K.L.:
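Supplied in structure tokens, the structure appears directly below.
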Amino acid sequence: MLARPKPGESEVDLLRFQSQFIKAGAAPAVKLVKKGSRKGASANLDQPPLQDDRDVVMLDNLPDLPPALVPAPPKRAKPSPGHPLADHEDPEERLNRHDQHITAVLNKIIERDTSSLAVNLPVPSGVAFPPVFHRSQERQRKPATSGKRSIFAQEIAAKRVSEASVPSVRGVVSTLDQPEGAVTCESLTPREQDHQLPRGSHNFQGPHLVTGKGLKSQEAKQEAQTIHEENIARLQAMTPEEILQEQQRLLAQLDPSLVAFLRSRSHTHEQTEEKATKEQRPERPSVEVTGEEPIMPTSTSDPRQEDELEPGTPALALPVAPHKEWLHMDTVELDKLHWMQDLPPLRRQQTQERMQARFSLQGELLAPDVDLPTHLGLHHHGEEAERAGYSLQELFHLTRSQVSQQRALALHVLAQVISRAQAGEFGDRLVGSVLHLLLDAGFLFLLRFSLDDRVDGVIAAAVRALRALLVAPADEELLDNTFSWYHGAVVFPLMPSQKDKDDEDEEGEPSREKAKRKRPEEGNQPPSDLARHDVIKGLLATNLLPRLRYVLEVTYPGPSVVLDILAVLIRLARHSLESATRVLECPRLIETIVREFLPTSWSPVGLGPTPSLHKVPCAAAMKLLRVLASAGRNIAARLLSSFDLRSCLCRFLAEAPQELALPAEEAEMLNTESFRLWAVAASYGQGCDLYRELYPVLIRALQVMPKELSSHPLQPLSMQRIASLLTVLTQLTLAASSTALEPSSDSAETSLLASPSLITWTQVSGLQPLVEPCLRQTLKLLPRPEMWSALGPVPTACLLFLDAYYQAWSQQSDLCPGDWLQDMERLSEELLLPLLSQPTLGSLWDSLGCCSPLCNPQSYAPAPEALPSLLSLGCTGRCPPLSLAGSASPFPVLTSLLSLLNTLARIHKGLCGQLAAVLAAPGLQNYFLQCLAPRAAPLLTPFSVWALRHEYHLQYLALTLAQRAATLQPVPATSAALHHGMALALLSRLLPGSEHLAHELLLSCVFRLEFLPERASGGPEAADFSDQLSLESSRDPGCGRGALLAQACQDLPSIRSCYLTHCSLARASLLASQALYRGELQRVPALLLPLPKEPLLPTDWPFLPLIHLYHRATDTPSGLPPADTVGTAMRALQWVLILESWRPQALQTVPPAARLARLMCVFLVDSELFRETPIQRLVAALLTRLCQPEVLPNLNLDCPLPGLASFPDLYANFLEHFEAVSFGDHLFGALVLLPLQRRFSVTLRLALFGEHVGALRALGLPLTQLPVSLECYTGPPEDNLALLQLYFQALVTGALRPHWCPVLYAVTVAHVNSFIFSQDPKSSDEVKAARRSMLQKTWLLADEGLRQHLLHYKLPNSTLPEGFELYPRLPPLRQQYLQRLTLGMSQNGVSET
């Protein structure tokens, strides 16, 4: 047996197998049989034998007429069980029997004969290559024929025609004699021929479709003529009507594409005949194309007009005239010359409809009607060709071009567009946001794909566009300039806040557990979904960091690309701790940056552009390391230990900037960033060992500082470097005062991070004599605003250093306290007190209000292109001078001054009174009054939270100084009340990261008796007198509001303890904030603050203890009240009463309806709390405050309330609790009745009269104790039919009686009386029928007293026992109406009987 071929065997092996097979003579496995017909050999016996052995398929025994083209039966995968296929039946027979419509076109198929086709061999030539293809001279003189055929196709068609023509036929064209009436193709157009019907005799010149091509030459004409004659005979046997009918049937059944194909064949044949006829006629003079006669496109409506130009038609204007000696320009093709003509005239916009935005190559938005020259390259687009510029869609299309220059150009233009959009240049000229549109279109991933390009130019353009999208240069400049402010190195992360319901429900859950819980969910999301919510996370999910490292390490890009990549990495590091960690942990990224861009030795770099930044120190690289270190102490420790940054810092700080072999500006920036990185590391207590090595350098820098400060003009970069140096010294001084942490059971991680300080007080004690003269020198420039603003943060840094210096000095236990106390007195007498008395300092206090983002929100404008998924501070250039971050801002200097004054007042209490005189500045008082003015809460944007944090620092330090002064000397009542109101406002505004400030305010300022001057100035007595005037009655003096306020002032320490417990913040956050503000460097975890989603405390924080009691009561399964419930509720109610009476502006942000809901929580805690006498008195006093005439109109229960899902649900629970445990308590009943006023939602009244009717018997509140007027319940008349029927039902059934519920009895009687006697013609039939029925039932009531009340009700009057007045007699109109009704009732009764 022969073996089969195996894989890998060559053709030689196959030939060997073939020879073995032939020698063996074995029978083949497959036999090839040629069948003349599918029906077998018997079907072809009668057919004449063909002359050769070609296959012929005969389709005989089929009808002449084709069958109707009906849809074939549906195909089945297997035969039906009821109709199985016969075993002897051939499937082909069955298929042919159901598929006979092929005979409509074919009935005899003969194999094509190719034996007669000529084979054209290449023409021999004596040259090495074939001759170049040239068009004939005859074609040169003819215009282009068709606009849809290329030059090559036209030449090939002409060549075929010339090869197929015979000399005898070329000269003469035979014509047939045509009988009379015959229609020729020359006299009618093809369209006329289609609609021409044969009349009389018919004449056909020959077949057009069937040519016999493919048969032998002697058979072709015969077969075609036979078919043609059969068609003619069939057509002649039909009438014209039958021909039209058959034509319509065929057109309806055949495929439209097939009909178009047949007609095109017919038109081609006619055009060929016309062309042959025209060749016998004398030719017309040809039209030559010259510059004076421009060419215009010809119409394509008539095919004969495509080959020639009419002399009178307008020509197409070309900038140059083509000449025939030009290569490939001998034949003019009109369609391909359209692009050379002049652009159409620019259309002037006549309407206000929007037009597509177009941008120049510099990213500028072009006006729709701007007319720019074409040589600027702004018209290379198809849509709106007359308009200059490119749309975003066209630029996106260009980024996918195969030409690298076009891709780079498109990315460059898009980068320019983004930069201008972020700068706010487009303003209101565009509808919508450009950045929103780009990100929705996938621009982020387009940039990521472009970074993977192989062309360096495209990579550079993509990096530049990525920087334009992510980085805001003004933001970086702002953060750099404010680095030396009071806690200026501490910033918020630029990460979008994910407002998740789970986060709101689990506020107490640690952040690390939340991160672990969320990380798998975010990891499973694709980058597109991540980028929709957070652009930075979406980019990091696309492996952006390894690609950037590859570009820096392998491709060696130019300086601009390196700076762009470093700027992008800085923005990624500012995003969050997670992003900074990913940048640090990217393989070889930081190693490459330190090795390539922070070398310790390099070749000198001169002036001018630098060809490469590799192996040259770069300030941006040092800034990247500084931003990474700010994200956490662990990152800073890894940077210092793993990348040998100590050597880099020593190298760049050991020499003065002018001595570094770098450009002057770059050297200044590198030195400044080195100081800042050292300052960040020192903020964690790290890098302090460098102080001993660089001590001579620091001393030398301090010695030359006065000289630099006296130079004119002052250099901004030098001022930033000096401020950074002072910031380093400040942190090192604080590190000298820090002591090693003692390990504790609850701070194991902190104890591991703690280490003894490597710097001592002795090493830094000599710095103060060098810094203080610099401060004196800068303060001399305070009267000169231009020079003062040029100093930048230098005065601020000097004051902060002195603050840290005296703080550290006072903590040295082995030194004599008299030394630092004496030095503080010297500083106060020589420097601070004269400074406080200067008028120029008063001008700084006066400018606080206009520069405050809280008092003047217009001082900072939101970013024009703010993206929720890509946060930025929104700085569009330099900040205005009169703003918090402006050049004329008083906040940095005054904040640092207040910090120094607080430190001195805390250490030396004898100086407190003198230093507190600064609080009496009129500008500061006016500023506090502006802060307390009623206004909406500030919107929390990235810039606003940054600015408000610095403003809150100034407010806190001023209040702390006021509190220190209040403990030592009496404070004017107005100032004390102002400071207390300011402390309450600040407590509700503090942001995350300021937990220490909130805790200190609760401890010192908020609950301090000195800040409540009303307690000693007749405040309680005034409260009692006010209540007596408003209530017009006298109460027991021991139960009045004055006595309650006096008792609350005595219980203020207990109240403070209660709120410290219930307003406690997260312990981890509080410890981190305390370490940061107290200067405990070993405990500082990071300089990156928590995400500012909302303020630390809610606006209704005075009610927090009550809310906590309510939640704990509802969450306790046993229903037992929490421990010390009465004490907690009483302290909270006492504090709320103090605020309602003496600090009402502190509760302005809490709506009266929300306050009412919080009071209702007191009754829902348990069944006994509201019965306590102190609780009863306090709730009654607070309810009276809510029902005052100036407060009651603002009570709106129909709007959404903060912290409450639904007030109707709360009221339903309140009714259920009242029905169960109230036992007719009047105060409880007053709270139940208050929401039943007519102006509130009918849902509340339906809940009482529909679901809790039993509670009516317990609502025994007398009319005289009703906190609001009775008219609030009776007017306007009730219009809810269902509620009116419930009113009437409660009255008739006896569920509502005057001695059970006098208030609601009077209310229901008033509404039912108004309803039964109302005669509104607009009422519906249902209402009229219900009114008539209710009046009839009232007339028939057996209870004479209720009947009298319902019929004779007149007006509400709470002084009467019933609560309303009665008519002695019914008014005439009502009497007549009642008589008509009773008469109708009697008639109906008679008729029925």
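No hydrogens, no waters, no symmetry mates; every other heavy atom, side chains included, goes into these values. Only a predicted model underlies this, so the values are computations on that prediction, with no experimental measurement involved.
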K.L.:
How far does CG of Leu1248 sit from CD of Glu1219, to the nearest 0.5 angstrom?
P.N.:
9.0 Å

K.L.:
Any ion pair linking Asp1051 and Arg1131 (charged N to carboxylate O, less than 4.0 Å)?
P.N.:
yes

K.L.:
Got a sec, which pairs hit ring-ring contact (aromatic ring centres under 6.0 Å, His included) with one end in residues 1166-1207, sequence neighbours left out?
P.N.:
Phe1163-Phe1170, Phe1170-Phe1228

K.L.:
Would you say the side chain of Pro1151 lies within less than 4.5 Å of the side chain of Asn1196, judging by non-hydrogen atoms?
P.N.:
no

K.L.:
Could you point out which residue of Leu1159, Leu1195, Asn1194 forms a side chain to side chain contact (heavy atoms under 4.5 Å, CB included) with Leu1186?
P.N.:
Leu1159

K.L.:
Are any side-chain N or O atoms of Ser1064 and backbone N or O atoms of Thr1061, one a donor and one an acceptor, separated by less than 3.5 Å?
P.N.:
yes

K.L.:
For the pair Trp1101 and Phe1007, name the ring-plane relationship: parallel under 30°, tilted 30 to 60°, perpendicular over 60°.
P.N.:
perpendicular

K.L.:
Which atom pair, heavy atoms only, marks the closest approach of Ala1180 to Leu1227?
P.N.:
CA-CD1, 4.0 Å

K.L.:
Could you go step by step and tell me if Val1136 and Leu1178 meet the side chain to side chain contact (heavy atoms under 4.5 Å, CB included) rule?
P.N.:
CA-CA 9 Å; Val1136 173; Leu1178 290 169; over 6 Å; no

K.L.:
I'd like to know if the side chain of Tyr1059 reaches the main chain of Pro1102, judged simply by a donor and an acceptor atom lying under 3.5 Å from each other, with no hydrogens or angles considered.
P.N.:
yes

K.L.:
Enumerate the ring-ring contact (aromatic ring centres under 6.0 Å, His included) contacts for residues 1241-1273, please, sequence neighbours excluded, ordered by first and then second residue.
P.N.:
Phe1249-Tyr1287

K.L.:
Quick check for you: to the nearest 0.5 Å, what is the distance between Glu1362 atom CD and Ser1358 atom OG?
P.N.:
12.5 Å

K.L.:
Ignoring hydrogens and geometry, is there a side-chain-to-backbone donor-acceptor pair from His1217 to Asn1213 under 3.5 Å?
P.N.:
no

K.L.:
State, with a plain yes or no, whether a side-chain heavy atom of Val1303 is found less than 4.5 Å away from one of Leu1236.
P.N.:
no

K.L.:
I'd like to know whether Glu1278 forms a side chain to side chain contact (heavy atoms under 4.5 Å, CB included) with Arg1245, so could you lay out the CA-CA distance, the side-chain angles of the two residues, the decisive distance to 0.1 Å, and finally the verdict.
P.N.:
CA-CA 11 Å; Glu1278 185 64 58; Arg1245 298 189 290 277; 3.4 Å; yes

K.L.:
Determine whether Val1221 and Asp1166 make a side-chain contact, defined as any pair of heavy atoms from C-beta on separated by less than 4.5 Å.
P.N.:
no

K.L.:
Could you tell me which residues satisfy side chain to side chain contact (heavy atoms under 4.5 Å, CB included) with Arg964, sequence neighbours excluded, listed by chain and number?
P.N.:
Asn902, Ala905, Arg906, Cys912, Thr960

K.L.:
Where do Ala973 and Pro1013 come nearest, in terms of heavy atoms and distance?
P.N.:
O-CG, 3.5 Å

K.L.:
Compare all side-chain heavy atoms of Leu940 with those of Pro1095 and state whether any distance is below 4.5 angstrom.
P.N.:
yes

K.L.:
Counting distance only, does the side-chain N/O of Ser1073 pair as donor-acceptor with the main-chain N or O of Ser1069 below 3.5 Å?
P.N.:
no

K.L.:
Is the backbone N or O of Leu1003 less than 3.5 Å from a side-chain atom of Arg1056, with the two atoms forming a donor-acceptor pair by type?
P.N.:
yes

K.L.:
In Å, rounded to the nearest 0.5 Å, how long is the span from CG of Leu990 to CZ of Arg949?
P.N.:
11.0 Å

K.L.:
Using only atom types and a distance under 3.5 Å, with no angle test, would you say the side chain of Glu995 pairs donor to acceptor with the backbone of Gly993?
P.N.:
yes

K.L.:
If we only count heavy atoms from C-beta on, is the Leu932 to Leu978 side-chain gap below 4.5 Å?
P.N.:
yes

K.L.:
Can you check whether Tyr1211 reaches Ser1241 side chain to side chain, under 4.5 Å on heavy atoms?
P.N.:
no

K.L.:
Is it the case that atom CD in Gln1285 sees more than 12 heavy atoms from other parts of the structure closer than 6.0 Å?
P.N.:
yes

K.L.:
How long is the span from the OG atom in Ser1314 to the OH atom in Tyr1353, to the nearest 0.5 Å?
P.N.:
8.5 Å

K.L.:
Strictly distance-based, threshold 3.5 Å: is any side-chain N or O of Tyr1305 a donor or acceptor partner for the main-chain N or O of Leu1291?
P.N.:
no

K.L.:
Which atom names give the shortest non-hydrogen contact between Leu1263 and Pro1361, and what distance separates them?
P.N.:
CD1-O, 4.0 Å

K.L.:
Taking all atoms of both residues into account, what is the closest heavy-atom pair of Leu1259 and Pro1302, and its distance?
P.N.:
O-CD, 4.1 Å

K.L.:
Is the side chain of Gln1265 donor-acceptor paired with the backbone N or O of His1226 at a distance under 3.5 Å, no angle test?
P.N.:
no

K.L.:
Look up atom CD in Gln925 and atom CE in Met982, then write down how far apart they are to the nearest 0.5 Å.
P.N.:
11.5 Å

K.L.:
Any heavy-atom pair between the side chains of Met1160 and Arg1158 that's under 4.5 Å?
P.N.:
no

K.L.:
Verify side chain to side chain contact (heavy atoms under 4.5 Å, CB included) between Arg1143 and Ile1138, making sure each step is shown before the conclusion.
P.N.:
CA-CA 7 Å; Arg1143 301 290 182 268; Ile1138 289 177; 5.7 Å; no

K.L.:
Find the distance between CZ (Phe1288) and OG1 (Thr1293) and round it off to the nearest 0.5 Å.
P.N.:
10.0 Å

K.L.:
Between Pro1144 and Gln1148, is there a side-chain heavy-atom distance shorter than 4.5 Å?
P.N.:
no

K.L.:
Evaluate the side chain to side chain contact (heavy atoms under 4.5 Å, CB included) criterion for residues Glu1014 and Leu1045: first the C-alpha distance (whole Å), next the side-chain angles of each, then the deciding distance (0.1 Å), finally the verdict.
P.N.:
CA-CA 10 Å; Glu1014 292 85 355; Leu1045 289 172; over 6 Å; no

K.L.:
Specify the closest pair of heavy atoms between Leu1261 and Pro1267, including all atoms of both residues, with the distance to one decimal.
P.N.:
CD2-CD, 4.4 Å

K.L.:
Could you tell me whether a side-chain N or O of Thr1114 sits under 3.5 Å from a main-chain N or O of His1111, the two making a donor and an acceptor?
P.N.:
yes

K.L.:
Do the rings of His980 and Phe1011 sit parallel, tilted or perpendicular, given the 30° and 60° boundaries?
P.N.:
tilted

K.L.:
Hey, is Asp1279 close enough to Arg1238 for a salt bridge, meaning N to O under 4.0 Å?
P.N.:
yes

K.L.:
Quick check against the 3.5 Å criterion: does Asn1280 have a side-chain atom that pairs as donor or acceptor with the backbone of Leu1283?
P.N.:
yes

K.L.:
Minimum heavy-atom separation for Arg1015 and Cys1049, please, with both atom names.
P.N.:
CB-SG, 3.7 Å

